[in-house]
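Working notes, beginning with the structure itself.
Not measured: the values here are computed from a predicted model. Remember, it's 1-based here, ligands and their atoms both numbered in the order they're listed.
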Amino acid sequence: MSERYAVVLAAGKGTRMKSKLYKVLHPICGKPMVTHVIDALQPINMNEIITVVGHGAEEVQTVLEDRSQFVLQEEQLGTAHAVMQVREQLEGKSGVTLVICGDTPLLTNDTITKLFEKHEATGAKATVLTARTTAPDGYGRVIRNEQNIVERIVEHKDATEEERLVQEINTGTYCFDNQALFETLTHVDNENSQQEYYLPDCIHLMQARGWTVAAYEAEHFHETIGVNDRVALAAAEKVMRKRILEHHMRQGVTIVDPDNTYVEASVTIGRDTVLLPGTTLQGQTTIGEDCTVGPHTELKDATVGNGSTIKQSVVYDSEVGDHVEIGPYAHLRGKAFIGDACRIGNFVEVKKTTFGQGSKAAHLSYLGDAVIGKDVNVGCGSITVNYDGNKKHQTHIDDGAFIGCNTNLVAPVKVGEKALVAAGSTITENVPAHALSIARSRQVNKEGYTETKKQD
Ligand code: UD1
Ligand code: MG
């Protein structure tokens, strides 16, 4: 096997995206497009991966970190000009150079590997990855001669009516003999409708020199989508989503309605977990086995243990243990930690609060900046008064305490072990362990009051 190099083109602004975000950083299922491309290259042992950056150079470098080397293309004069920028790094080296665009996030490692294999087997100077589609608008068309050999690639904007009927497109991915590539690049001009130096022009220049040029046709067009605008972005997202969901289903996850389930690339899900319709799982979310999530539930950067149920709820940046019941309509955020066998019921918001094993807040509560022990019952409508308008304060509720309904716990405050707080209390002082605390005004009954009123 020869030396292998990869050049990732990622310097374009992406004008057609009409966005403040640079094109190759637009996420597909939660991951920037260019990261998908680098991920697809990862299993292939590349000697070097060089990304050409320009617009948003710093941002792209921050995203890819040390997974690539970087070369700056100061002015974006076309894809051939972009590849020219790596001349210093690669020219003169023997081996195969893969050129791939940062806006083709769906290409799989399998297809790229097959492209390399075809290229190396035929001994061609260039092998272009092509695909067939009934909707080729916008793509470069592959023009073959009578012997069915690729002769040249014509850009959509430069193509004649007849050429536009061709349904074989250039995916923007190629394997080149490295030395032949740099020799040819110097001959590429910009005499075309966009006045750009087109990389695909290398194909006919090589042909003209009598060098072998080959093509490898990808099995599925949808894998080769080039994302130039938001319509293509949505199409790519849909393909990637399906791919991710099918992966999880094959690993033993039930997804009741894949058309209405959204799982980002970085999520892990255990076996026999069921995702119900309207579920969105994002970021670094991990779900264990035998859970039921959904319907209409959003988890982001959440960790969930085994056998838990989360319905019609939102969980951000929080952790849920085993056999926990959440929802309907609960909101966990900002490092909530819910221990095993807990129950967080409807209209309960939990923020930066730890719940010990077996504790419950079943209805209508706000629990913020609290440390709650084991087997605590937080009654309906109870809240931690954690904010004094200036600072946040902590509430501690120890094991086995019972907080009656509609209690205000004015932090900083502590309720001791197995203490009982009477319903309707506003607790401003610590409650000792095992104590009963009643902090509400006494009830006054005025006998016959309404009868007297009537006579007035
Ligand atoms: C390109 C191909 C087209 C192919 C399509 C596949 C050319 C001229 N055309 O068109 O044949 O069908 O991809 O998706 O190559 N870039 C740079 N520097 C530049 C210009 C572009 O780094 O000066 C990068 C872009 O960031 C992008 C990639 O190269 O990631 C492709 O550029 P883009 O403008 O998207 O080309 P297409 O019009 O899609
Ligand atoms: Mg493109």
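Side chain to side chain, Q167 and T133 fail the donor-acceptor criterion of an N or O pair below 3.5 Å. When only modelled atom types and interatomic distance are considered, E298 and Y316 share a side-chain donor-acceptor pair under 3.5 Å. In this structure, a donor-acceptor pair under 3.5 Å is absent between the side chains of N386 and K352. Side-chain N/O atoms of E196 and H81 include no donor and acceptor closer than 3.5 Å. Side-chain contact of E325 with T309: a donor-acceptor pair under 3.5 Å is absent, judged by distance alone.
Note on R141 versus E155: no salt bridge recorded, every NZ/NE/NH1/NH2 to OD/OE distance being 4.0 Å or above. Under a 4.0 Å N-O distance rule, the pair R333/E349 qualifies as a salt bridge. Look at D229 and K18 and you find no salt bridge, because none of the NZ, NE, NH1 or NH2 atoms lies under 4.0 Å from a carboxylate O.
At least one N/O/S atom of N228, from backbone or side chain, sits under 2.8 Å from the Mg ion (ligand 2).
Proximity to K23 (heavy-atom distance under 4.0 Å) selects the following atoms of ligand 1: 35 (O). Counting atoms of ligand 1 from 1 in the listed order, those under 4.0 Å from a heavy atom of G140 are 3 (C), 4 (C), 11 (O), 12 (O). Applying the 4.0 Å criterion to heavy atoms of N228 picks out, from ligand 1, the atoms 35 (O), 39 (O). Interface atoms of ligand 1 facing Q76, defined by a heavy-atom separation under 4.0 Å, are 19 (C), 23 (O). Close approach of ligand 1 to G102 (heavy-atom distance below 4.0 Å) involves ligand atoms 30 (O). Listed by atom number, the atoms of ligand 1 under 4.0 Å from D103 heavy atoms are 30 (O), 35 (O). Proximity to G226 (heavy-atom distance under 4.0 Å) selects the following atoms of ligand 1: 14 (O). For ligand 1, the atoms closer than 4.0 angstrom to any heavy atom of A82 are 17 (C), 18 (N), 22 (O).
Taking a 4.0 Å cut-off on heavy atoms, P200 registers as neighbouring ligand 1. Not a single heavy atom of M33 sits under 4.0 Å from any atom of ligand 1.
Between Y366 and F347, the ring centre distance reaches or exceeds 6.0 Å.
The part of E155 lying near ligand 1 is the side chain, judged by heavy-atom distances below 4.0 Å. Residue K157 does not touch ligand 1, judged by heavy-atom distances below 4.0 Å. Using a 4.0 Å cut-off between heavy atoms, H81 makes no contact with ligand 1 at all. Both the backbone and the side chain of A11 come within 4.0 Å of ligand 1, counting heavy atoms alone. Under 4.0 Å from ligand 1, the heavy atoms of T171 that appear belong solely to its backbone.
Residue, atom and distance of the protein heavy atom nearest to atom 20 (C) of ligand 1 are G78 C, 3.8 Å. In this structure, atom 30 (O) of ligand 1 lies nearest to the protein heavy atom L9 O, 2.9 Å. Residue, atom and distance of the protein heavy atom nearest to atom 28 (C) of ligand 1 are C101 SG, 3.6 Å. Of all protein heavy atoms, the one lying nearest to atom 25 (C) of ligand 1 is G12 N, 3.7 Å. In terms of protein heavy-atom proximity, atom 4 (C) of ligand 1 is nearest to N170 O, 3.2 Å.
Side-chain atoms of T171 come within 3.5 Å of backbone N or O of L129 as a donor-acceptor pair.
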**Request:** In sequence, state the C-alpha distance, the side-chain angles, and the governing distance for E117 and H119, and then conclude on side-chain hydrogen bond (donor to acceptor under 3.5 Å, both in side chains).
**Result:** CA-CA 5 Å; E117 284 167 2; H119 179 80; over 6 Å; no
**Request:** Any chance you could lay out the ring pair (Phe, Tyr, Trp, His ring centres under 6.0 Å) test for F221 and Y139, step after step, and finish with the verdict?
**Result:** CA-CA 12 Å; F221 164 72; Y139 291 92; 5.7 Å; yes
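Applying salt bridge (Lys or Arg N to Asp or Glu O under 4.0 Å) to E48 and the options R4, R67, K93 leaves one that passes, K93.
For I49 against I38, the heavy-atom pair with the smallest separation is CG2-CD1, 3.9 Å.
A cation-pi contact, defined as under 6.0 Å to the ring centre and within 45° of the axis, links K392 to Y387.
Residue nearest to atom 15 (O) of ligand 1, selected from T79, L129, I153: T79 (by heavy-atom distance).
Looking at R16 next to ligand 1, an N or O pair under 3.5 Å apart turns up. Considering backbone and side-chain atoms alike, Q73 places an N or O below 3.5 Å from some N or O of ligand 1.
Closest to the Mg ion (ligand 2) among the N, O or S atoms of D103 is OD2.
Shown here, atom 17 (C) of ligand 1 is in close reach of the protein: a heavy atom of it lies under 4.0 Å off.
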